[in-house]
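Computed from a predicted model, the values in this text were never measured in an experiment.
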Amino acid sequence: MTKPRMFEKPSGVRDYLPEAVRKLRYIEREALHTMECWGYKQIITPTMEFYDTVGTASSTSDHKLFKLLNQRGTTMVLRSDMTAPIARVVSSLLGKEPFPIRLSYHANVFRSMEEEAGREAEFYQTGAELVGDGAPEADAEVIALAIACLKATGIDRFKVALGHHGYLQGLFEYTLPQGGEPQTRLKQCLVQRDVVGFREQVSALTVTAEQKERLEAVLQLRGGRSVLAAARGIADEPAMEASLLHLEQVWEVLEAYGVSEHIVLDLTMMGDFSYYTGMIFEGYAAEMGFPVMSGGRYDNLLQQFGRSAPATGFALKTTRIMDAISSDQQDNERGAAATIIHYDELCRREALTEAARLRAEGRIVITQRVDQLN
């Protein structure tokens, strides 16, 4: 193993210089303020958690977890998301708090990625969780809140793709009741948005032509509300129908919020966290090929910590939003330039007193002795 060079840092992490930090704090402040206005209270959890609790509940692939041992030899992990830690807190420290519980957060999370993929191993998320409400209104609320947060942080042009884990799961159970590896391969293709691979996997299945036709038909289920009618024509399984009814109800509430113009239905969407149980969604900023926000319903996660309850939430991919907001928005946030006060030894007291007065008014003030200028 080669020794790192003096200025080298680990793969997947980065230094945030003052301009980047300003943008990061701006996004954090605006998003958390928006969440507070919706009744969400901020929570902070530890960077480290026990592997056997939060680590296994996070649904992050084991090889993507950063693991370490404490002095007792117990395996710890750096948190890979915030949903599992919040589920732990709701089930323990907030165990007597009545439902629904609305919580928000801003935190750095860690996932070990392949170096050649160019993915970040440490990044920031700002998000919200609504625990204890299983109604379509709860799902619509977190989607509408996510949209409000995107707007507040400066993302003006975006779309939110809305799907349902239960619909695809119902379809796979209907067409591939034996489950196993064929289902896993098809799901992986959908997670990776690999349409060609999905069709190849369907073609190789030893099932009837009708079953293959139904599986391929799901690739067309993207668009407006009319997608729901087309989705009902693929199969009439109870689980699939219940999923579509839930989406229809969520859509109606989003219309009441006045945000349905941002929504597109995408029933090919398969969440990459295994704890998702229902509605899932992703937000895409214009001209960016990856999501800047994602979320969904996870009704079975809290029971792993001893307090069964439905839950739904989302996370802004804060680090990505930094790259998406325009220079005009950054300039607006920069505000007034700093006031510079030069002084010499004779007028030092007056200069520093004036600097203190201006800072008390919220001004940015830099003081500099004239004999130190060169």
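Taking both residues in full, the closest heavy atoms of M269 and A161 are given as CE-O, 3.2 Å, listed atom of the first, atom of the second, then distance. Across all their heavy atoms, V109 and D81 have their closest contact at CG1-CA, 3.9 Å. A pairwise comparison of heavy atoms in G224 and L265 identifies O-CD1, 3.4 Å as the closest pair.
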message: Run Y40 and Y105 through ring pair (Phe, Tyr, Trp, His ring centres under 6.0 Å) and show every step you take.
response: CA-CA 9 Å; Y40 288 73; Y105 62 86; over 10 Å; no

task: Please report the C-alpha distance between S58 and R79 in whole Å, then the side-chain angles of each, then the deciding distance to 0.1 Å, and finally whether the side chain to side chain donor-acceptor pair (under 3.5 Å) criterion is met.
output: CA-CA 8 Å; S58 70; R79 62 190 174 208; over 6 Å; no

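The aromatic rings of F110 and F66 stand perpendicular to each other, their planes meeting at an angle above 60°, with 30° marking the opposite boundary.
Defined by atom type and a distance below 3.5 Å, a donor-acceptor pair is missing between the side-chain atoms of T53 and R88. In this structure, a donor-acceptor pair under 3.5 Å is absent between the side chains of D299 and Y276.
At distances below 3.5 Å, at least one donor-acceptor pair connects side-chain atoms of R320 with backbone N or O atoms of P291. Looking only at distances, no side-chain donor or acceptor of S294 sits under 3.5 Å from a matching main-chain atom of E282. Of the possible polar contacts, one joining the K159 side chain to the E261 backbone as a donor-acceptor pair under 3.5 Å is found. Between the side chain of T74 and the main chain of N70, no donor-acceptor pair closer than 3.5 Å is present. No donor-acceptor pair closer than 3.5 Å links the side chain of N300 to the backbone N or O of Q303.
With a 6.0 Å cutoff to the six-membered ring centre and a 45° limit on the axis angle, R307 counts as a cation-pi contact of F99. The cationic group of K67 lies under 6.0 Å from the six-membered ring centre of Y51 and within 45° of the ring axis, placing it in a cation-pi geometry.
In this structure, R225 pairs ionically with E252, as a charged nitrogen and a carboxylate oxygen lie closer than 4.0 Å. With salt bridges taken as basic N to acidic carboxylate O contacts below 4.0 Å, one links E361 and R357. Note on E141 versus R102: salt bridge recorded, some NZ/NE/NH1/NH2 to OD/OE distance being below 4.0 Å. A salt bridge between R363 and E354 is absent, with no side-chain N of the basic residue lying under 4.0 Å from a carboxylate O of the acidic one. Contact check on E122 versus K9 returns no salt bridge, with no Lys/Arg side-chain nitrogen under 4.0 Å from an Asp/Glu carboxylate oxygen.
By the 4.5 Å heavy-atom criterion applied to side chains, E129 and F314 are not counted as neighbours. Counting only heavy atoms from C-beta outward, the side chains of S104 and K41 never approach each other to under 4.5 Å. Side-chain contact between T153 and I155 is present, with at least one heavy-atom pair separated by less than 4.5 Å. Under the 4.5 Å side-chain criterion, counting only non-hydrogen atoms from C-beta, L130 is not in contact with L145.
Applying the ring pair (Phe, Tyr, Trp, His ring centres under 6.0 Å) test to every pair with at least one member in residues 215-262, sequence neighbours left out, gives these pairs: W38-Y257, F158-H262, H164-H246.
Annotation: the span from L302 atom CG to I86 atom CD1 amounts to 10.5 Å, rounded to 0.5 Å. Residue I147 holds its CD1 atom at 6.5 Å from CG of L254, rounded to the nearest 0.5 Å. Summarising the geometry, atom CE belonging to M76 is positioned 5.0 Å from atom CE belonging to M48; distances are rounded to the nearest 0.5 Å. Atom CG of L244 and atom CG of L267 lie 6.5 Å apart (nearest 0.5 Å). Here D266 contributes atom CG and L221 contributes atom CG; the two are 8.5 Å apart, rounded to the nearest 0.5 Å.
Shown are T277, D139, T312; of these, the side chain to side chain donor-acceptor pair (under 3.5 Å) with R297 is made only by D139.
The ring pair (Phe, Tyr, Trp, His ring centres under 6.0 Å) test applied to Y298 returns Y275, not counting sequence neighbours.
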Table please: side-chain donor-acceptor pairs of residues 196-211 below 3.5 Å, with sequence neighbours left out.
{"unit_1": "R199", "atom_1": "NE", "unit_2": "E216", "atom_2": "OE1", "d": "3.3"}
{"unit_1": "Q201", "atom_1": "OE1", "unit_2": "R185", "atom_2": "NE", "d": "2.9"}
{"unit_1": "T208", "atom_1": "OG1", "unit_2": "Q211", "atom_2": "N", "d": "3.1"}
{"unit_1": "T208", "atom_1": "OG1", "unit_2": "Q211", "atom_2": "OE1", "d": "3.2"}
{"unit_1": "E210", "atom_1": "OE2", "unit_2": "R214", "atom_2": "NE", "d": "3.4"}
{"unit_1": "E210", "atom_1": "OE2", "unit_2": "R214", "atom_2": "NH2", "d": "2.6"}
{"unit_1": "Q211", "atom_1": "OE1", "unit_2": "T208", "atom_2": "N", "d": "3.0"}
{"unit_1": "Q211", "atom_1": "NE2", "unit_2": "T175", "atom_2": "O", "d": "3.0"}

